[in-house]
Amino acid sequence: MTSDDLLRHHGDVDAAPGLIDFAVNVRGGRPPTWLRRRLAEALDRLGSYPAAADDRRAREAVAARHGREPDEVLILNGSAEGFALLPALAPTQAALVHPSFTEPEVALRTARVPVRRVLLSPDDDFALHPADVPPEADLVVLGNPTNPTSTLHPADAIRELAERATVLVDEAFMDAIPGEPESLAADRNPNLLVFRSLTKTWALPGLRAGYAIGHPDLLARLACHRPQWPVGTLALEAVVACCEPPALAEAELAAVEARDHRRVLQAALGPLVLGDPRAPFLLIEVEDGPGLRQALRDKGIAVRRGDTFPGLGPNHIRIAVRSPEECAPLLAALALEVHP
């Protein structure tokens, strides 16, 4: 694999059909029944173009959910679209805090934006130190909580970076943490841009739905090259549905359950686990990562390789958190292959 191929590798490649999936960080195998029903009811509207009123309704739902105004919201065709739009901000140098999701780096490098990597260390639980971010960077990108390390950075550390640069915070997994601590979605700092995704909590990777929150001027710059009708009717409906109070209550219950399941799995994996995990996935380090991944695959189990994330190597593996019952085959297989 080339370095570009590694950056474009994601967990869906590791999770081949028929394998027990610990490679993809999506809750459940499909959206809940009520959400599927909402989307089915919206099918009759596919005969019309998405209207400004549809977009406004979605932005109002997001704004109400986060205590913002509708003009501080941009509905996205998935967070991946937002990452692809980053070059429109015309940064002179971008600092990417790693290990982290790699699509922002792909988008910026493709647009020939100079990129500096800020590599966090497992020796201090992948803590973010604002002083390590180059002062000349005018765009800083980081995940919170971070994929794949499961690290939750303090909001104040991110605010410190936003005093000197535009900061994009990818909060794709924030709603999977009870209470959404350290979220900056309600912060009105004009240099802060927050991305949210519906993919993980609501099992919607095939729909592509998410949103950006930030100052209207910053959002206008981000969206300046978008085509007409960038977000489809079903995605707009999903955003509205997933921002309503019943959905938020369900997401909070799911986050509590995921936290409890994570603690059980973390205790079972013991010293293999790196950092201070807070999200519904764990990063582990073993002696022979490629051999272990193949051994698990031979037993019908998929896990996420870690060496495609800058700062990690072939012995790093990401494991999605599942219920104790679902984790039993994984732990049994690991017991035969690994001796912590």
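This structure is a prediction, so every number in the text was calculated from the model and none was measured. All residue numbers refer to positions in the sequence shown, counting from 1. Side chains included, hydrogens not; waters and symmetry mates left out as well; all remaining heavy atoms used.
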Check your understanding: Which residues pass the side chain to side chain donor-acceptor pair (under 3.5 Å) test with Glu257, sequence neighbours left out?
Key ->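 Scan of Glu257 (side chain to side chain donor-acceptor pair (under 3.5 Å), adjacent residues dropped) gives none.
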Check your understanding: Residues two or more places apart in sequence or in another chain: which of them pass side chain to side chain donor-acceptor pair (under 3.5 Å) with Asp288?
Key ->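 Per chain and number, Asp288 pairs via side chain to side chain donor-acceptor pair (under 3.5 Å) with no residue.
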[X] [atom1] to [Y] [atom2] distance, which is reported to the nearest 0.5 Å:
X	Y	atom1	atom2	value
Arg305	Leu292	CZ	CG	13.5 Å
Leu334	Ile284	CG	CD1	6.0 Å
Leu142	Leu120	CG	CG	8.5 Å
Asp132	Leu119	CG	CG	10.0 Å
Leu283	Leu269	CG	CG	11.0 Å
Arg59	Glu69	CZ	CD	11.0 Å

Exercise for review: Name all pairs fulfilling the ring-ring contact (aromatic ring centres under 6.0 Å, His included) condition that reach into residues 57-76, sequence neighbours left out, sorted by first residue then second.
Suggested key: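 Non-adjacent pairs meeting ring-ring contact (aromatic ring centres under 6.0 Å, His included): His66-Tyr211.
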Exercise for review: Mind jotting down which residue pairs meet the ring-ring contact (aromatic ring centres under 6.0 Å, His included) criterion with at least one end in residues 212-261? Sequence neighbours excluded, please.
Suggested key: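 Those involving residues 212-261 are Tyr49-Trp229.
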**Study point:** Residue pairs passing the salt bridge (Lys or Arg N to Asp or Glu O under 4.0 Å) test where at least one lies in residues 133-158, sequence neighbours excluded
**Key:**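 Pairs touching residues 133-158 that pass the test: Arg116-Glu136, Asp156-Arg159.
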Check your understanding: Can Leu253 be reached from Ile177 by stepping across I, L, V, M, F, W or Y side chains whose heavy atoms are under 4.5 Å apart?
Key ->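 Ile177 does not cluster with Leu253.
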Review point. Do Asn25 and Arg304 meet the criterion of a side-chain donor-acceptor pair at a distance under 3.5 Å?
Key: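 On atom types as modelled, these side chains do not qualify, holding no pair under 3.5 Å.
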Check your understanding: Would Ser323 and Glu326 count as having a side-chain donor-acceptor pair, cut-off 3.5 Å?
Key ->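 Side chains of Ser323 and Glu326: pair found under 3.5 Å.
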Review point. Residues sharing Leu219's hydrophobic cluster, by side-chain heavy-atom contacts under 4.5 Å among ILVMFWY, directly or via others?
Key: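 Hydrophobic cluster check, Leu219: joined to Leu74, Leu76, Phe83, Leu85, Leu86, Leu89, Leu96, Phe101, Leu108, Val113, Val115, Leu139, Val141, Leu168, Leu193, Phe195, Leu218, Leu222.
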Check your understanding: What residues join Phe281 in its hydrophobic cluster, counting side-chain heavy atom gaps under 4.5 Å, either direct or through other members?
Key ->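 Once heavy-atom contacts under 4.5 Å are chained together, Phe281 belongs with Phe173.
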Check your understanding: Does CZ belonging to Arg30 count more than 12 external heavy atoms closer than 6.0 Å?
Key ->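 Counting neighbours around CZ of Arg30, 12 or fewer heavy atoms of other residues, nucleotides or ligands fall under 6.0 Å, so no.
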**Study point:** Results of side chain to side chain contact (heavy atoms under 4.5 Å, CB included) for Ala251 - residues two or more places apart only
**Key:**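 By the side chain to side chain contact (heavy atoms under 4.5 Å, CB included) rule, Ala251 matches Thr201, Trp202.
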Review point. By side chain to side chain contact (heavy atoms under 4.5 Å, CB included), which residues pair with Glu41, not counting sequence neighbours?
Key: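 If we apply the side chain to side chain contact (heavy atoms under 4.5 Å, CB included) test to Glu41, skipping adjacent residues, the hits are Arg37, Arg38.
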Check your understanding: So Leu46 and Leu234, side chain to side chain contact (heavy atoms under 4.5 Å, CB included) or not? Walk me through it.
Key -> CA-CA 8 Å; Leu46 295 184; Leu234 295 183; 4.2 Å; yes
Check your understanding: What residues, two or more places apart in sequence or in another chain, satisfy salt bridge (Lys or Arg N to Asp or Glu O under 4.0 Å) together with Arg65?
Key ->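 If we apply the salt bridge (Lys or Arg N to Asp or Glu O under 4.0 Å) test to Arg65, skipping adjacent residues, the hits are Glu180.
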Practice item. Taking salt bridge (Lys or Arg N to Asp or Glu O under 4.0 Å) as the test, write out the residues that go with Arg322, two or more places apart. Key: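 With neighbours one apart ignored, the set is empty.
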Practice item. Show the numbers, then the answer: is there a side chain to side chain contact (heavy atoms under 4.5 Å, CB included) between Ser121 and His129? Key: CA-CA 10 Å; Ser121 171; His129 302 288; over 6 Å; no
Practice item. For side chain to side chain contact (heavy atoms under 4.5 Å, CB included), just list the numbers for Asn189 and Leu184, CA-CA rounded to whole Å, side-chain angles, deciding distance to a tenth of an Å, and then say yes or no. Key: CA-CA 9 Å; Asn189 185 314; Leu184 290 164; over 6 Å; no
**Study point:** Step-by-step side chain to side chain contact (heavy atoms under 4.5 Å, CB included) determination, Val167 to Ile158
**Key:** CA-CA 8 Å; Val167 178; Ile158 301 173; 3.8 Å; yes
Exercise for review: Please answer whether the main-chain N or O of Ala127 pairs with a side-chain N or O of Asp125 as donor and acceptor at a distance below 3.5 Å.
Suggested key: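 Checking the backbone N and O of Ala127 against the side chain of Asp125, no donor-acceptor pair under 3.5 Å is found.
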Exercise for review: Could you list all the side-chain hydrogen bond (donor to acceptor under 3.5 Å, both in side chains) pairs where at least one residue sits in residues 70-88, not counting sequence neighbours?
Suggested key: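 Listed once each, the pairs are Arg68-Glu72, Glu72-Arg188, Glu81-Arg226.
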